[in-house]
Amino acid sequence: MSVPRKAVALISGGLDSLLAAKVIQEQGIHVEGINFYTGFCVEGHTHAIRKKDTARPKRNNALWVAEQLGIKLHIIDIIEEYKDVVINPKHGYGANLNPCLDCKVFMVQKARQWIEAKGFDFIITGEVIGQRPMSQRKDTLPVISRESGADELLLRPLCAKNLEPTRPEREGWVDRERLHGFEGRTRKPQMALAAAFGFEDYAQPAGGCCFLTDKQYSHKLADLWKARGERRYELDDIMLLKVGRHIRPRPNFKMIIGREEGENRFLQGYRKQYTHMLATSHPGPLVLIDGDAGPDDLDLAAQITARFSQGRNADSVAIEVHTPDGASHSLQVQPMPGAAIPRDWYL
Amino acid sequence: MSGNELDARRMLCPMPVIRTQEKVEQLQAGDTLTVFCSDPGAIHDIPAWCRVNGHEVLDIRRQGEEITIRLRVGEE
Ligand code: SF4
């Protein structure tokens with residue numbers, strides 16, 4: 001009897017990786033999943049923060065996929081190492097700050113190290129030729145195989161028939177005839193295959209698997225780098241870019257303003273690290289100040305904070321300012337009229 | 001033995017799951033682990049992670065913002 005082969009599937013939580021893993025599982029291969037957490041992933045917490053979104057069922061899609069398949073899932077924290085991918089992508093960015101090609105190379109490379117360490121035979125992904133403009137083109141798929149070092153051990157079950165046979169196919173570990181030849185942007189073949197397998201209620205991310213494909217998010221990240229004079233970020237920075245209204249009145253500081261109760265509660269978790277302010281004479285949002293703000297800046301920020309409080313039409317609003325050293329002081333300000341806040345202050 | 005604890009408070013999902021996974025890797029089958037967290041997402045994610053990886057959730061308690069999940073490590 002031949003040795004049972006083992007494959008690791010890159011599980012993003014979307015439909016394609018679910019199908020790719022299932023196709024291989026159906027051939028009697030032992031499959032386990034691997035999921036990478038970069039900090040930019042669009043996951044449960046982002047929905048959980050905003051109160052109005054809590055009605056939606058909230059789940060970790062990668063775990064959900066693993067449960068559908070009945071496979072183990074290993075979630076790997078790559079936050080630190082991934083910074084270099086985002087900051088210096090060799091192949092550049094897509095439409096926004098999404099370094100998709102470098103990202104794929106990096107993830108497959110991590111998967112290759114993982115299979116070596118765990119004694120697995122090959123790697124599978126849900127990539128489809130022509131599905132995405134940057135990382136899933138006929139000319140970029142070989143780049144991923146090559147630069148990740150996975151080479152012939154990287155199998156794409158959904159489009160394998162349009163590619164050169166890989167080692168799992170040549171050695172007969174899998175039957176190439178039972179793989180697929182999907183190509184192009186259409187989602188129809190995937191939906192048909194999902195129906196054939198009886199999968200329902202799967203996630204269908206529109207733009208991509210992470211916030212870096214989002215225009216506004218990328219704009220905020222670019223602003224952060226510009227303001228700091230260097231391309232660098234911490235996990236807290238990129239989490240905060242997902243939350244609140246961001247306003248930069250002056251180059252040296254920006255304000256992060258909670259838009260509703262859920263966001264205010266989330267921002268409260270950062271109170272000890274950031275200077276923050278809050279109206280005390282009227283209900284209003286919690287506002288974090290990111291950057292180096294002097295007394296004059298805080299005064300301006302207080303007027304804007306007052307504008308977003310329920311005292312926006314009052315003559316004067318009391319704002320309490322807290323600094324990270326634990327000190328606090330009060331300011332009495334006139335709310336800035338909404339029309340006086342230039343459009344380009346909003347990030 | 002039940003002295004194994006993990007403080008994942010203030011972490012956002014999926015970090016509590018990732019830290020739980022790292023901790024479980026150091027434990028033996030049959031050991032128990034108590035995870036303290038504050039992201040409500042963990043109430044779904046940690047049990048889901050346990051189900052797919054063969055660990056058993058013993059109980060989940062919620063007191064205000066604080067969530068405590070006790071689990072037993074399964075066989076490899
Ligand atoms: S969308 Fe984000 S996670 Fe997905 S490949 Fe592009 S950079 Fe990577």
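Chain A is the first sequence line, chain B the second, and so forth, proteins listed ahead of strands; every chain is numbered from 1.
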**Q** Can you tell me how far the CE atom of Met239(A) sits from the CE atom of Met15(B), to the nearest 0.5 Å?
**A** 9.0 Å
**Q** Could you list which of residues 105-118 of chain A have a heavy atom closer than 4.5 Å to any heavy atom of chain B, in residue-number order?
**A** none
**Q** Got a sec: does the CD of Gln28(B) have more than 12 other heavy atoms crowding it under 6.0 Å?
**A** no
**Q** Using a cut-off of 6.0 Å, state whether more than 12 heavy atoms not belonging to Gln216(A) lie near its atom CD.
**A** no
**Q** Looking at Cys13(B) and Tyr37(A), what are the two nearest heavy atoms and their distance?
**A** O-OH, 4.4 Å
**Q** Taking everything shown except Arg72(B) itself, do over 12 heavy atoms lie less than 6.0 Å from its CZ?
**A** no
**Q** Rounded at 0.5 Å granularity, tell me how far CG in Asn35(A) sits from CD1 in Ile18(B).
**A** 7.5 Å
**Q** Are any side-chain N or O atoms of Arg51(B) and backbone N or O atoms of Glu67(A), one a donor and one an acceptor, separated by less than 3.5 Å?
**A** no
**Q** Can you pull out the residues in residues 74-84 of chain A with any heavy atom less than 4.5 Å from chain B?
**A** His74(A), Ile75(A), Ile76(A), Asp77(A), Ile79(A)
**Q** Under a 4.5 Å heavy-atom cut-off, does chain B meet the side chain of Leu73(A), its backbone, both or neither?
**A** both
